[in-house]
Protein chains: 2
Amino acid sequence: MEEFENQELFKKNNIKNTKHRNLVLDVLKESQFPITTEDIYLKLQERGAHISLSTIYRILDVFANKGMVVKAIISEGSKAMVELQHLEHKHHLICKECNKIVAIEDCPFEEFAKALEKKTDFDITGHKLEIYGYCPACKE
Amino acid sequence: MEEFENQELFKKNNIKNTKHRNLVLDVLKESQFPITTEDIYLKLQERGAHISLSTIYRILDVFANKGMVVKAIISEGSKAMVELQHLEHKHHLICKECNKIVAIEDCPFEEFAKALEKKTDFDITGHKLEIYGYCPACKE
DNA sequence: GTTTATTTGCAAATCATTCGCATTCGCTTT
DNA sequence: AAAGCGAATGCGAATGATTTGCAAATAAAC
Ligand SMILES: [Mn+2]
Ligand SMILES: [Mn+2]
Ligand SMILES: [Zn+2]
Ligand SMILES: [Zn+2]
């Protein structure tokens, strides 16, 4: 049935239902937090899947173009890595010290969007929000 | 006086006031919207400044570590380019079709942050927010 | 099953970012 | 104002991430 959900999603987005897209999508679904292309690659390797890194890049491109995932730079630190957002709508609170990530369920933006649409005459379809600070352990 | 403001900012952030940091900061200040490292490089070239691309990378790293600028991936499209946010607190509304960018003055997040701090016990220091949709001309 | 367009693996190419080291520069101390 | 010293810079090379070309495999449609 996990498979079935995937298939639906592919159909809805007009892309072929391939073995590799299923693998990548499964990893994305399981992942609580944004992950890198490399992370996905390694996870699939562990599971014994035979998939090439460039295929994952291509799949993520397709997913991103279809709006199924979102790219972002998360850790503020030295390396600004490209990552993927989870499919559900949620945001993250990231510790600038230890990089701990906490998922936020609420989104303060929903109501604001309506007003903004009126003001700007845009058709607003989505947003990215990431929140930074220091976690309980790291703030002193 | 522009120079003076820069100098103040450098002092406040405990970094040396160098010719190149001034140049880069000026470009950032002028720029209404986020720009890439390369953009800055080209702008400075046009002005006849002699500066190396790696120096700009290094300066932007310093600025980012001091919280003077923020890195993000803006355009959702094919190339996920790393960019820099303007110094003032503002957000952007980006057209997914024509890439038009409109600056948003209000921020819906301020109040939400307080509640979130209480709930998570984080010390929240900042956030990134980008909004996507279709501009008046492109929505149909 | 056959057909056809799409997807994939693999290796090579490209692009962005970082690094090493010699030189220059900014700030502090005489 | 000169000297000293650590930090910043230029340049080219190295690294790392992402993209691309092309032949082979696969999925969807017939
Ligand atoms: Mn939201
Ligand atoms: Mn804000
Ligand atoms: Zn922490
Ligand atoms: Zn538009």
Side-chain angles (χ1 to χ4, degrees), chain A residues 3-4 6-25 27 34-42 44-45 48-66 68-84, chain B residues 3-4 6-25 27 34-42 44-45 48-66 68-84:
Chain A
E3 290 311 301
F4 186 60
N6 287 358
Q7 183 174 336
E8 275 188 343
L9 190 56
F10 295 142
K11 178 167 290 181
K12 190 171 64 172
N13 283 289
N14 265 27
I15 57 178
K16 282 191 183 172
N17 175 9
T18 74
K19 184 177 53 169
H20 294 108
R21 284 176 183 162
N22 274 284
L23 290 174
V24 171
L25 184 52
V27 172
I35 51 181
T36 65
T37 308
E38 180 90 27
D39 288 341
I40 297 173
Y41 179 69
L42 293 175
L44 290 178
Q45 293 260 295
H50 182 236
I51 186 169
S52 137
L53 188 56
S54 55
T55 297
I56 300 177
Y57 273 108
R58 284 189 276 223
I59 288 174
L60 293 179
D61 260 12
V62 171
F63 286 3
N65 285 331
K66 293 297 183 179
M68 294 167 59
V69 298
V70 175
K71 290 178 186 169
I73 292 189
I74 283 221
S75 76
E76 208 61 82
S78 45
K79 52 190 164 192
M81 58 182 186
V82 175
E83 306 176 279
L84 286 157
Chain B
E3 289 310 302
F4 186 62
N6 287 358
Q7 184 175 336
E8 274 188 342
L9 190 56
F10 293 144
K11 179 168 289 182
K12 191 171 65 171
N13 283 288
N14 265 23
I15 57 177
K16 284 190 184 173
N17 176 7
T18 74
K19 185 176 52 171
H20 294 109
R21 282 176 186 164
N22 273 282
L23 291 173
V24 171
L25 184 52
V27 172
I35 52 182
T36 66
T37 307
E38 180 90 26
D39 288 342
I40 296 173
Y41 179 69
L42 294 174
L44 290 178
Q45 293 257 297
H50 182 235
I51 186 170
S52 136
L53 188 57
S54 53
T55 297
I56 300 177
Y57 273 109
R58 284 189 276 225
I59 288 174
L60 293 178
D61 259 12
V62 171
F63 286 5
N65 284 332
K66 293 296 182 179
M68 294 166 60
V69 298
V70 175
K71 290 178 185 168
I73 292 188
I74 283 220
S75 76
E76 207 63 80
S78 45
K79 55 192 158 190
M81 61 184 180
V82 176
E83 305 174 280
L84 286 156

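Chain letters run A, B, ... following the sequence lines, proteins first and then strands; every chain starts at 1. Everything quoted here is computed from the prediction, not taken from an experiment. Below, all heavy atoms of this structure are taken into account, side chains as well, without hydrogens, waters or symmetry copies.
At the phosphate of C:dC10, OP1 or OP2 sits under 4.0 Å from a side-chain N or O atom of A:H50. In this structure, B:H20 reaches the D:dG10 phosphate: one of its side-chain N or O atoms is under 4.0 Å from OP1 or OP2. Residue A:T18 has no polar side-chain atom (N or O) positioned under 4.0 Å from OP1 or OP2 of C:dT6.
Where the helix from C:dG1-D:dC30 to C:dT30-D:dA1 starts and where it ends, the local axes point in directions that differ by 50°; five pairs per end, rounded to 10°.
Atom CG of B:L25 sits about 4.0 Å away from atom CG of B:N6, to the nearest 0.5 Å.
Residues meeting the side chain to side chain donor-acceptor pair (under 3.5 Å) test with A:T18, sequence neighbours left out: none.
Nearer the 5' end of DNA chain C, as judged by each residue's closest nucleotide, is the contact made by A:S52, out of B:E38 and A:S52. A residue-by-residue look at B:K16 and B:Y57 shows that B:Y57 has its nearest nucleotide of DNA chain C further toward the 5' end.
Side-chain atoms of B:K66 and B:F10, non-hydrogen and from C-beta on, never get closer than 4.5 Å to each other.
Side-chain atoms of A:D61 do not come within 3.5 Å of backbone N or O of A:R58 as any donor-acceptor pair.
Nucleic acid contact class of B:I15 (heavy atoms, under 4.0 Å, all strands): none. Using a 4.0 Å heavy-atom distance criterion, B:R21 is classed as a sugar-phosphate-only contact.
Minimum interatomic distance between B:H20 and B:H50 (heavy atoms only, all atoms of both residues): NE2-O, 3.3 Å.
In the set D:dT20, D:dC11, D:dA28, D:dT20 carries the atom at the smallest distance from any side-chain atom of A:R58.
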